[in-house]
Amino acid sequence: AERGSDGDLRILYWQAPTTMNPYLSGGIKDNEAASLTLEPLARYDPAGVMLPWLVDVIPTLENGGVDDDLTRITWRLKDGLRWSDGSAVTSADLRFTWRYCTAKDGGCAQLEKFADVVDVETPDERTAVVVFSKPKPFPYGPFVGPQAPILQAAQFADCLGTRAPTCTDANYGPIGTGPFRVTEFRPGDVVVYEVNPEYRDPTKPAFAKVVIKGGGTAVGAARAVLETGEFDYAWNLQLSPDVLSRMQARGKGEIVSAFGSLVERIAVNFTDPSPELGSARATVAHPHPVLSDPAVRRALSMALDRKMLSDIGYGPAGRPTCNLLPIASENADTNCLRQDLEGARALLDQAGWIDSNGDGVRDKNGRDLHLIFQTSTNSVRQDFQAVTKEWWRQIGVETELRNIDASVFFGGDPGSPDTVQKFYADVEMFAGAFDGTDPEVYLTTWTCGNAPSPENQWQGTNTSRWCDPAYDALAAKLAITGGIAPRATLAMAMNDMLVENGVVLPLVDRGRVSAHALDLGGTAINAWDSELWNIADWHRIKE
Amino acid sequence: MLNYTIRRLILALPTLVAISLVVFALMELAPGDPMAQLPPTISPEVKAQMRTALGLDAPSHVRFGKWLWQLGILEPSVWIDGMFGTALSDGQARMISWQTRGPVMDLIAQRLPQTLWVVGLAYLIGTALALPIGIWSAYRQYSPFDQIATGVSTLGFAVPPFFSGVLLILFFSVQLEWLPSVYDTTLDVTNWQSLGQQLKQMALPVAVLSLQTTAQISRYVRSAMLDQLGRDYVRATRARGVGERHLLLRHVLPNALAPVVSIIALGLPQIFAGAIVTEQIFRVNGVGHLLITSIQANDLPTVQTITVLLAGLIVISNLLADLIYGALDPRIRYD
Amino acid sequence: MSSSPLLSLRNVCVSFDGADTPGAVLRDLSLHINAGEVLCLVGASGAGKSIASLVALRLEGHDGAVLSKGQILLDTPDGQVNLAKMDTAQLRALRGKQIGLIFQDPSTALNPVMTVGAQLVEILSLHRGLSSQAARAEALTLLHEVQMPEPELHLGQYPHELSGGQRQRVMIAIALSGAPRILIADEPTTALDVRVQAGILTLLDRLRRERGIALLLITHDMGVVAQIADRIAVIEAGTIVEEGTVREVFSAPRHPETQRLLKAAQSGPTTRQLASDQTAVLEVRSLSLNYPRRSGLLRRVTGQTAAVRDVSFGIDQGETLALVGESGSGKSSVARALMQLEPYATGEVLLEGMSLTRSRGAALRQERARIQMVFQDPSDSLDPRLTLGAQVAAPLHNFKVGARHTRNARVEALFRLVRLDPALMQRYPHQVSGGQCQRVAIARALALKPAVLIADESVTALDAPVRAEILDLFARVQAELGLAILFISHDIGTVSRIAHRIAVMHRGRIVEHGPTSAVLAQPAHGYTRALLDAVVHPDPERRRQFDLPRKADRLGDMPDPEVAVQYRCIGPKHFVLSA
Amino acid sequence: MIRARSTRTLWLGSILLALIAVSTLIGPVVWGISADQMDLMARNQGPSRTHPLGTDQLGRDLLARVLVGGRISLSVGALAMLMSVASGTLIGVTAGMVRVLDGPLMRLTDLFLSLPLLPLVLIAITLFRAPLSVAFGPETGIFILVVVVIGATSWMPTARVVRGEVLGVMGRSYIMAARSTGTRGVTIAMRHVLPNSRSAIIVSATLSAATAIITESTLSFLGLGFPPDFATWGRLLFDGTTYLSDYPGRALWPGALISASVLAIVYIGDGLRDRGDPRSNS
Ligand SMILES: Nc1ncnc2c1ncn2[C@@H]1O[C@H](COP(=O)(O)OP(=O)(O)OP(=O)(O)O)[C@@H](O)[C@H]1O
Ligand SMILES: Nc1ncnc2c1ncn2[C@@H]1O[C@H](COP(=O)(O)OP(=O)(O)OP(=O)(O)O)[C@@H](O)[C@H]1O
Ligand SMILES: [Mg+2]
Ligand SMILES: [Mg+2]
């Protein structure tokens, strides 16, 4: 196709982008909007495989791009790369990007990506060497994926540290290497792009202009693509399956979905949240009187019909899962997909939890099987809560539901009693995922040292406060193992440990659902990267 | 009259300051966190650093002082700079939205045109329809016209806009495919064709909003007219042989209008607030939409600023209403 | 006078429910008026006078009344027409041009948001097709004709900026602007002062003479009738019960209603003997009362309006003192100060020798029981939502007088005292007549057995026969209970019937006070004389020639406001303000 | 004629409102299915014999939910109205009767009138939702919050109207008469002022009840009202709009009920207003 020959592309993001600088936001909507202009060195394809993007090859141990001591990785830029203003892309830009994100008080949202980076060396114009302070078996944090693209040093030179938010022009219209460049940006409303004249492939992109419109609701977005045909692409349509399928039946568009690492799960509290404990409440000093019993955790899991949950809440955008990690494993527990109320009851009976006073609630040692189940306020989660409560009731467990405003629940304010981290409840539901394809950081979540506690101002991520030295040992091993395959095996083992011990009860593997017009070609929805990652290839299908 | 005007103006100032204080204090109590919306993959430490970078950690009285200064002095001077090319505000930190990391005032300036287009037009149309309907309903009280008009206006009051809006979309956008359901804020009206487009995309939101406006104002007009029609001077004017049309428009209407004008003026800011819903439905992405997304994102500077600006608007409309009232009814000026 | 009447109503029936009788307010009413004559339509309140005047112009529909039967014949230059059969457009051509209408209350009958000039110009261009320039000039001429002082100034003013008399003149000017041959005036002077009334009557009389206009004047005041009427028609319950020339009717009234109206009006002053050497129950010493005047940007108090200046008087037990003066002279302010309902600047009020002035709170509440007040508007002074019995019982409740069950008996006794059927105790104010309302108000004031009763314009709103009854009631109650009464009125004619002494108030001062007979016979102060001059007598033989009231300040001698007042004694207990 | 018409509107409104109120009150008792009872096999069903209005995404009976939801919506309307009318009346009467307080109270009213209410309501709800849910439980907490927030931001028109009315009443001579017969201030307020301002109070009460019901549903629409699992008309309508084209009943029923209640209440208000001076009802 010829560059710019297919006219306008209209995309609807009902959560509107609010900035075009991923380093200042970290929100998915912002990263994706920025991904049309800002590009990383490497990114992932829909299968989760890393693709060289602004480089010709991915540096690895095997090809010598990664040093044997795992502390240095050497990237070599493609030849002839130019910014959209015509200047050349150099390794200095890479170095600058690292300095930009790590500058003091800059409020960089992607700081994690540059963790342990001590220097970015620039031996020549096209070569950059990222130096880590310690061995990095997975060195693909910096400059990989839509969260850590390359900024132009010239444009952001005056925007380091506290000055970062004041560079409005740069933040709203970053100069990039991508197929498009920003012509107009209205935060929270609309972004308008035109073709980047300096784009490296002279035949792409096919569209001359892109508009990303924001605002409204998911239903409205779906309607605009599937029913009225006003838009070509709509993002993140978390809607009930029958609504979507009926809209699709109008024949204007198609629904697509992809699965990543986002898993909706119920986390189990291993510490006693009862208020009587005062300041020792929900700390490892007091194991949970009920949930410390593995049989209970297992029975709770068996009573769930994950397939039903997925259908109710996510439709095509969900699939029931028994695992935290998306990698399919032969020996992973898939039995959980079948609801087994009988089995759950039997298990509880065996463990001595019986309904001794006939009130329909099992008890043991004078302690009722009564659980407080909290989550954020969100209609799907409340539906899940309601259904779960019903199933658990059927096995003799009484559940009290609580929902908390999302900004409080996820806010992490140490002063609030209602945060995910404090977990002043028995079970809680939320979703978690990891960036990119490597789960190392994600899996270290469940190590003993990561448990939130009064000592660390409740800042840990191991909200279950589960602690198993064996798991910690595996985590330590993962941290020094190189190579994709060995790492995957280790990760799977850790996943199984978490699931079999009932630390978390994974429910639904949540995918992304989007819709595109029937005459829009080339889209490849991607859960590991920006959905717009290959927008240079998108085109209008002509009949 | 001049005295009266100045007196009203003097009273308006303290009101504004009091309102800003109330608004600021209220938001300060907010438990939410602007970082809560970030994906869970961003660690708490990073979030804490981002928070510091935004200056959220400063004590609230410091932030209030800064905010007041930015709102009252810095932003006007930025505006003057923009108009006259002066450099009053150079190098000073403007009020930054936590969510977009851009100056709040620029955001609002970006959002105003579409809000004004839609809300303003809806209000104009609504009022323009309400006046004749209210007048005729009152003049022919309990006639079929009055019955229908009262019924429809009650319905317009009783059907919430988020319901009527969706109904209209289903009918006009999905079924008939006549009108767009999404408002394009980047559309520049340059020629007849784009004007047509603009009119088309405004049709539905304006219809929803003006239905509400018409409903409310026509009720007020009707009852004010009824009140006046029962007065002695109406009969006295008839006794002089004045025609009914003339009587209605020259005598009764100015009298009835005095109280209605203040309701019309006071309703305008409330319509702005009410437009939040309509803007959400039709993706007009105006000031109302900005407000609601900012509330959801805990973007305090934006929320506070919009709220105070709305309050300012209310105070100004109040003032205008009083002045028009005074102009229409000579008895008012002397308290 | 031409032989065929200019306007005649024949067998007119009007009702509010559309049916003929019995709900009809006008029943077979027939009436005619000839060119150039003054016909007075008189009758008790509610007799249907206003409806009759409205139906003559077919304006009855405004209130929802329906003309169900009858003819309204108007003699126009193009022959006789029947208004009963005309449509709105045809009527509109007649209204204002053939018949002009003047309403009772000039303050509500003018459009409040249009200047006087605009209202005049509008009508002039409507009826005479004048250009706005010419209309303006004509408006000035008209205002001159109705004797408005400074017409140029008033053209640009709004109705609320004019006094009641001026507004009524504007109304007349507007009514004249279509050059009608008939003018209907519905109680044009009832809302006005005697002196202003005199001016308006003179004006109407002159217009009739100069322009040859026929005047239909509606009133319940026989004095006005005697002053101006050629013929008189008496209406009762919607029908004309008697008709004739004013002399015939006044000298030999045939119908009982006529007799009743005349008798009430004609009962002359009953010179009441002063009870000598009584102790003063109420004493007022040097009372001054100011209202703050606000101006400037912040409506700060920038000055004072002296409503009452250095007023002193006393009332003895069993005595009635009348306080008379024109509107705004400060009479009500005195009453409110006495009741301690309004703070006053200086002076002292002594009730039975005790000073009320410094009483506060509970003590004041106790002492207030000894001084009670009856207000001007009977319907307004009763709470529309309480039964009459409850209203009279309220003071008893407040002071816990007697036991609960005996209170009912006391209320009954009070009702009997004011000659009301105790059966009315269960009724609400709107279910009884104005006169009955006023009796209830008096009963309530008497409930606590006060020593002093203040009656502020207590009979002004009532029609003549009722007024006479209430005055009698006051006299009787006073005799029975030995009350001291302060009787406030702007009508010196009314008070002369009840008062032992009269105090004349003008611009906040008492300008003259003395025994009723002395003041009436030898008025010493110019202002007293002016008031007396303006009184119209219910006797066609005693018509008087009025002048336009002069500027108030030139009436008699008014001392410098700063100088302490001094009175000259010009007869036994008869004092007049000296300059 | 006027009275006949206003009586008819009044009756129409009262009957409609009574019908709705009674059915929400005893409806859930009579209608056997509980609003929370799930039937996961019968999700998203259209109207049927067992479920006359169909079911929702969890197979809960819509009729039961609409009936139960009405209780909440109507009680929000009623309580918020009570609160706003009570405070509005108190402030209006005080301002009208106590001269020194008139200025300050009316300034306060003006200040509240100048606050942009919907945003503030939204903010207040985000603010206090969490603490109140903790204190009273999520449902009661939000209920209290919604009622208080709506009530606290809607008393100003009532206060103004009542003050105007009270000033009018205070100018009547029967008040002067009451004072001079030694009636205490509070007694005057209770015996004379309140009864005589009654119709103004009632009319503004109907208006604020109607507005409260709409405000509640708007809050739900903006996702800031009651929690998602809590059936109120506003919430049901909000949830239902998603399915408007598939199962229109899910939005239309709660929507129609909101509109009908508001309509009924407005009719009652209109009827009372047209009737005007209640002296005429004898
Ligand atoms: N709007 C109305 N509805 C019903 N009855 C009315 C109405 N207006 C007047 N009436 C009745 O019609 C009768 C005549 O009223 P009208 O006003 O003509 O009396 P009037 O003789 O002018 O009395 P006044 O001297 O008090 O002015 C009265 O009995 C009155 O109660
Ligand atoms: N509340 C008030 N505030 C300011 N000025 C007042 C007030 N009440 C009365 N006045 C003024 O005080 C003067 C005396 O008024 P007052 O009511 O005592 O007169 P009045 O003789 O009773 O008149 P009327 O016959 O009209 O009742 C008038 O000039 C009036 O305008
Ligand atoms: Mg009359
Ligand atoms: Mg007076």
Side-chain angles (χ1 to χ4, degrees), chain B residues 1-14 138-142 224-261 322 324-335, chain C residues 50 53-54 56-64 88-115 118-120 122-124 126-127 156-161 171 174-178 180 184 186 294-300:
Chain B
M1 190 71 194
L2 184 69
N3 255 356
Y4 173 77
T5 311
I6 296 176
R7 195 168 69 241
R8 305 295 319 184
L9 267 173
I10 292 177
L11 275 179
L13 260 178
Y139 185 62
R140 290 266 174 262
Q141 197 188 8
Y142 297 124
M225 285 295 288
L226 278 179
D227 180 34
Q228 292 295 330
L229 281 170
R231 300 267 167 116
D232 260 0
Y233 74 86
V234 174
R235 181 162 57 187
T237 313
R238 281 203 180 115
R240 290 169 211 149
V242 171
E244 292 295 289
R245 228 174 85 93
H246 189 90
L247 171 74
L248 271 186
L249 297 181
R250 283 294 308 280
H251 290 265
V252 186
L253 189 61
N255 275 290
L257 226 45
V260 171
V261 156
D322 281 351
I324 298 176
Y325 201 154
L328 279 177
D329 191 339
R331 287 166 296 182
I332 287 295
R333 286 172 230 162
Y334 305 89
D335 285 329
Chain C
S50 297
S53 71
L54 289 172
L57 268 179
R58 298 297 319 283
L59 285 168
E60 75 284 349
H62 186 85
D63 296 326
T88 330
Q90 291 169 309
L91 286 170
R92 198 179 302 142
L94 297 177
R95 290 178 185 158
K97 273 195 115 144
Q98 299 294 329
I99 310 176
L101 193 55
I102 304 168
F103 287 92
Q104 168 168 6
D105 189 351
S107 59
T108 59
L110 287 169
N111 185 340
V113 305
M114 276 170 94
T115 58
Q119 304 195 38
L120 266 168
E122 166 180 67
I123 298 301
L124 283 167
L126 176 77
H127 288 310
Q157 284 185 319
Y158 291 95
H160 71 273
E161 295 170 290
M171 282 294 295
I174 292 179
L176 288 178
S177 59
I184 302 179
D186 185 359
R294 292 167 193 276
S295 63
L297 276 187
L298 297 172
R299 310 303 296 162
R300 280 190 200 292

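Sequence lines set the chain letters: A, B, ... in the order given, protein chains first and strands last, and positions in each chain run from 1. Quantities reported herein were computed from a predicted structural model and do not represent experimental measurements.
- Within the model, atoms CD of C:Glu122 and OG1 of B:Thr237 stand 7.5 Å from one another, a figure rounded to the nearest 0.5 Å.
- With a 4.5 angstrom heavy-atom cutoff, B:Gln228 does not touch chain C via any of its atoms.
- Residue C:Leu126 touches chain B through its side chain alone, counting heavy-atom pairs closer than 4.5 Å.
- In terms of non-hydrogen atom pairs under 4.5 Å with chain B, the most contact-rich of C:Met114, C:Met171, C:Arg58 is C:Met114.
- Looking only at heavy-atom pairs under 4.5 Å with chain B, the residue among C:Leu54, C:Ile102, C:Leu101, C:Ile99 that has the most is C:Leu54.
- C:His127 places a side-chain N or O within donor-acceptor distance of the main-chain N or O of B:Arg240, the cut-off being under 3.5 Å.
- Among C:Leu110, C:Leu94, C:Leu57, C:Thr88, the residue with the largest count of heavy-atom pairs under 4.5 Å with chain B is C:Leu110.
- B:Arg235 and C:Leu59 make their closest contact through O-CD1, 4.0 Å (heavy atoms, listed as atom of the first residue, atom of the second, distance).
- At a 4.5 Å heavy-atom cutoff, the contact between B:Arg231 and chain C is made by backbone atoms alone.
- The greatest number of non-hydrogen atom pairs below 4.5 Å with chain B, out of C:Ala175, C:Gly96, C:Ala118, C:Pro112, is found for C:Pro112.
- Minimum interatomic distance between B:Ala236 and C:Ala109 (heavy atoms only, all atoms of both residues): CB-O, 3.4 Å.
- Within the model, atoms CG of C:Leu91 and CZ of B:Arg238 stand 11.5 Å from one another, a figure rounded to the nearest 0.5 Å.
- Each of C:Val113, C:Ile174, C:Thr115, C:Ile123 has some count of heavy-atom pairs under 4.5 Å with chain B, and the biggest count is that of C:Val113.
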